[in-house]
Structure formats: C-alpha cells, structure tokens
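All chains are named by letter (A, B, ...) in the order of the sequence lines, taking the proteins before the strands, and each is independently numbered beginning at 1. Hydrogens, waters and symmetry mates play no part in the numbers below; they use all other heavy atoms, side chains included.
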Protein chains: 2
Amino acid sequence: MRGTIPTLKGTAMPEPRFRRYSSEVRAAMLVDAGLACLARGGITAFTTDNICREAGASRGLITHHFGSIDGLLAAVYAAAYQPMLDSLAPEGETSPSLMQIIERVFGTYNFTRDSLNVWLALWGEIATNPALQAEHRRHYARYRATVARAIDDLARARGLSVDSQDLAISVIALIDGLWLEQGIDPELLSPTRSIDACRRMLEPIFGPLAGSLAP
Amino acid sequence: MRGTIPTLKGTAMPEPRFRRYSSEVRAAMLVDAGLACLARGGITAFTTDNICREAGASRGLITHHFGSIDGLLAAVYAAAYQPMLDSLAPEGETSPSLMQIIERVFGTYNFTRDSLNVWLALWGEIATNPALQAEHRRHYARYRATVARAIDDLARARGLSVDSQDLAISVIALIDGLWLEQGIDPELLSPTRSIDACRRMLEPIFGPLAGSLAP
DNA sequence: CGTCTTACTATACAACCGTTCAGTAAGGAG
DNA sequence: CTCCTTACTGAACGGTTGTATAGTAAGACG
C-alpha cells in the first residue's frame, strides 16, 4: 500500500513506526537513558522497562545491544567515569595542578545533582557486582595517577618530599568523601565550600595554594 | 490430639511449627537478616523473600512488624549507624580524642567487609529515598558533633584556632572517603594504612598526634 | 523499482517483587 | 485444664523483573 498513493512532500506519507540507528548511536542513547534513570531513582530504578521507556525504545533492545542489563550497567559506569577523568586532564593540555584538579572536580561540569546521584548509586553497586569491579579498577588507576602526578609536581616545586602514591589515595578519599556528603545531603555543602575544605586540608602540607578563583 | 499422648520429656512431643517471639525480638531478627542481605548483595538483594528466608520467617512478617519494606530499611539504617556512633563515644566515658575516633572508626568492630558493603549500599539509597534521609540527618548530626568536639579539644590543647564545625565535615569526608575506597576495592587499603593516611593529613594541621598503636 | 541486511518491535515466559488477608496456633493468663 | 490474645503462616494478588524469540520493517544498495 505504502508508496502507491501520490503524496505531497511531508504530508500524507505514513511516517515510519520507528527509526533505525547505527549500533553505536543506539547504544549511546541507551547509556544516556540509563544515566537518567540512575540519577532519578538510584540503582533500583535501573530496570529494562524504565530505561527503554526513557530511551523511547522497545524492551528487547538492551539485550540486543549489550547482551544483558549488567552489560549496559558496565557501559554506563564507563560513560560516567571517562568524561569526568577527561575533564580533569584534557588531552593536549599540560598535566593539571592539584588545585586545578580540585576545582574541576567540583566544577559545574562534574558536580551536578544528577551526577552525584549517579555516583552514589554506582558506588553502592560495585562492591557486589564483579562486572563493575573490573571497570572501576581501570578508571581508578588513571584517576590516582593524575592526582599523584599533580602531587609530585607540587612537592617538587615546594622542595618537599612526600609519598605521592599514598597521598593520592588520601586526596581522592577527601574529594570523594565530600562528594558523598554532598550527595547524601545537598544542604550541607556547595562547590565553593568543598573547594575551600580541600584547600584547608592541603595548605598545611604544601603551603599556600593559589586557585584560579582566589588568585 | 496434642497432649493426650503421654510423652517422655523431649521425645515424642510434636515440636511447634514455629516459635513466637516478642515484637522487639522478632524485629531485631529481621533487622539482622536485612543487614546480612545488604552485606551480601547490596540494595538489590534487600527483598522480602531474601530477608525472610534469611531470618527463617514467613513472607508476611516484614509488613506485620514494620509496615513495609521501606520501614524495615529505615530500621536497618538506624541499626547500622547507632552502634557505630556508640562505639566511637561510649557512654560514661570522657569524650574521645580525634585519634581515638579515627582508630575506632577503622577498628575491627566497625571496619569489616560486611559493614563496608552495608554502608555502600545504604549511601546509594539515601539520595533517592526520603525515608532514609530523615534517619540520616539525625545520626550525621551526632557524628559531626562528636568529631567537632574532639577537634575543639585538640585545638585548645595546642593553642590553635580552627573552625571545628567546618573541619569536622572535612575529617568525616576523609574518613568516609577511605571507607568508600576500601569498600569498593578491598585490596587498596587496610585499617593500619587508613589510620596512617588520616594522621598524615591531620598532623600538618595539629602537630604530632599520638595514637594508642604508635605511642 | 526490487532485494537484502539487520535494527528493531512486541509478545511470551518464568521468576520474583511487595502487600493483603483469612486462618492458624503458640504460649501466657486465669 | 480452658480461654484469649496476637505473633505468625501461607496462599494469592497484580504488577514488574530480565531474557528469549519470532516476525516486522527501516533504509542502504544496486
């Protein structure tokens, strides 16, 4: 039937029931929908129905593109971590200073209500979900290396001798702990206060740290 | 029929199909079972079936004692937080020093694989579960007050002037961040290394901090 | 226009979700 | 012993979970 009726451009043509995308594009749509569900309702809202409804796709698509819902979750984890790390140390830029890292971590790009919820939900799932653990280790190693390098640079500039690998763990703990507290209770902190909190802990170790916001 | 047959003590007596407990005792059993499920499989394992099987009770009991599964979750949250706080500042004891708090937080009583998993699971749920938020605020206030008081005591003894309320947030962030990292990747840290990490961050602020482990 | 690939839909499935409720029986009171 | 309270069971409810699969059709290609 279709096509036999002469149509004016964009009027009587029966529009397709659905649109076909390339594997990569559709996968990205599902990942985005997964992030949205995580942000809205935590890990318990990360379900086939919710995600496919959010993505405007049918229930079978997750299995089709990711094998299983856990496969999608791993992809979502990567999609949350990767751009965060990229924003800390953009490609083609000299390696960031410690204060730059901190300001970027708590900057408007990373530090949003949605991403706070996403991280909280993901952290809770890693411990008991082996598929996520492997994904985590890879990204955490890069995170730690970036921070450790910034600590090394700073210590060298100040003529200090520190164990940058160990200290990186502590700095990340401080940062993630502030994220955690802020995620759990949005009233408690703000980006500025979080940055100040980091500075107060780090200046006694390294001496004055100039941030771009307080030069 | 029962009781008509003369029985020898503990032999032919048909044993009861189930045991009746007081509300309080049974509630505690369900809370314990809930904690076990949380530790084993995260928030997604916190289900009626799992919990009741773990507690050796029938499916109706959670509703009977807690109104709903969310009611039980709130009770579980309190049951995880309360004893932790109690262990930090035992009743009838003088308020703990900062290093005492840190050593107790990372002590064998609190810092177990199970409780790490439980906290990870609960943190992920608070942000999107209003029932838990209220429960959290109450306990967190006490946690923060305990830490702030220890900071005040320490600062006074060293003749320093610090904002103990603000600093308490940072210290808690550091502690919780280390819990988080340890919970996510058990290989990364140990109780001793976590305590050392805290000391390394705090001594530049307060000067030498003697712990009971390193006198 | 017809053909082909495959992204996609939609249904079906068994297992499980939290909750309701009518009935049962444990165990203290008298 | 009998009675009575109520902690408790267990089946049943409608809804949702993740996945398998058979069939459909979008859209590129010739």
Run the salt-bridge test on Asp166(A) and Arg193(B) with the 4.0 Å N-O cut-off and return the result as yes or no. yes
Gap between atoms NE2 and P, on His64(B) and dA22(C) respectively (whole Å): 14 Å
Between Leu61(A) (CG) and dG18(D) (P), how many Å, whole number? 15 Å
OP1, OP2 of dG18(D) versus side-chain N and O of Thr48(A): anything below 4.0 Å? yes
Given dT17(D), is OP1 or OP2 found less than 4.0 Å from the side-chain N or O atoms of Thr47(A)? yes
Determine: side-chain N/O of Arg17(A) to OP1/OP2 of dT9(C), distance under 4.0 Å, yes or no. no
Quick check with a 6.0 Å cut-off and a 45 degree axis cone: is Arg19(A) positioned over the face of Tyr21(A)'s six-membered ring? yes
Specify the separation, in whole Å, of atom OH of Tyr21(A) and atom P of dA28(D). 13 Å
Atom pair distance, as rounded to whole Å: CD1 in Ile62(A) and P in dT19(D): 8 Å
Looking at Arg149(A), I want to see if its CZ is surrounded by more than 12 non-hydrogen atoms of other residues, nucleotides or ligands under 6.0 Å. no
With the side chain of Thr63(B) defined as its heavy atoms from C-beta on, choose the nearest nucleotide among dC8(C), dT19(D), dT19(C). dT19(C)
Distance check needed: dT17(D) C1' versus Arg53(A) CZ, whole Å only. 13 Å
Report the nucleotide, chosen from dC8(C), dT19(C), dC8(D), that has the shortest atom-to-atom distance to any side-chain atom of Ser68(B). dT19(C)
Where the side chain of Arg19(B) is defined as all heavy atoms beyond and including C-beta, which of dA7(D), dT9(D), dG27(C) is the nearest nucleotide? dG27(C)
Could you pick out which residue, Ser23(A) or Gly60(B), lies toward the 5' side of DNA chain C when each is mapped onto its nearest nucleotide? Ser23(A)
Got a salt bridge between Asp86(A) and Arg142(A), using NZ or NE/NH1/NH2 to carboxylate O under 4.0 Å? yes
Separation of atom CZ in Phe46(A) from atom P in dC17(C), rounded to whole Å: 19 Å
dC8(C) OP1/OP2 closer than 4.0 Å to side-chain N/O of His65(A): yes
Can you tell me which nucleotide in dT6(C), dC8(D), dG18(D) comes closest to the side chain of Arg20(A)? dT6(C)
Just checking Phe66(A): base, sugar-phosphate only, or nothing, at a heavy-atom cut-off of under 4.0 Å? nothing
Can you tell me how far P of dC16(C) sits from CD1 of Ile69(A), to the nearest Å? 17 Å
CZ of Phe18(B) versus P of dG23(C): gap in Å, rounded? 16 Å
Salt bridge Arg40(B)-Glu54(B), side-chain N to carboxylate O under 4.0 Å: yes
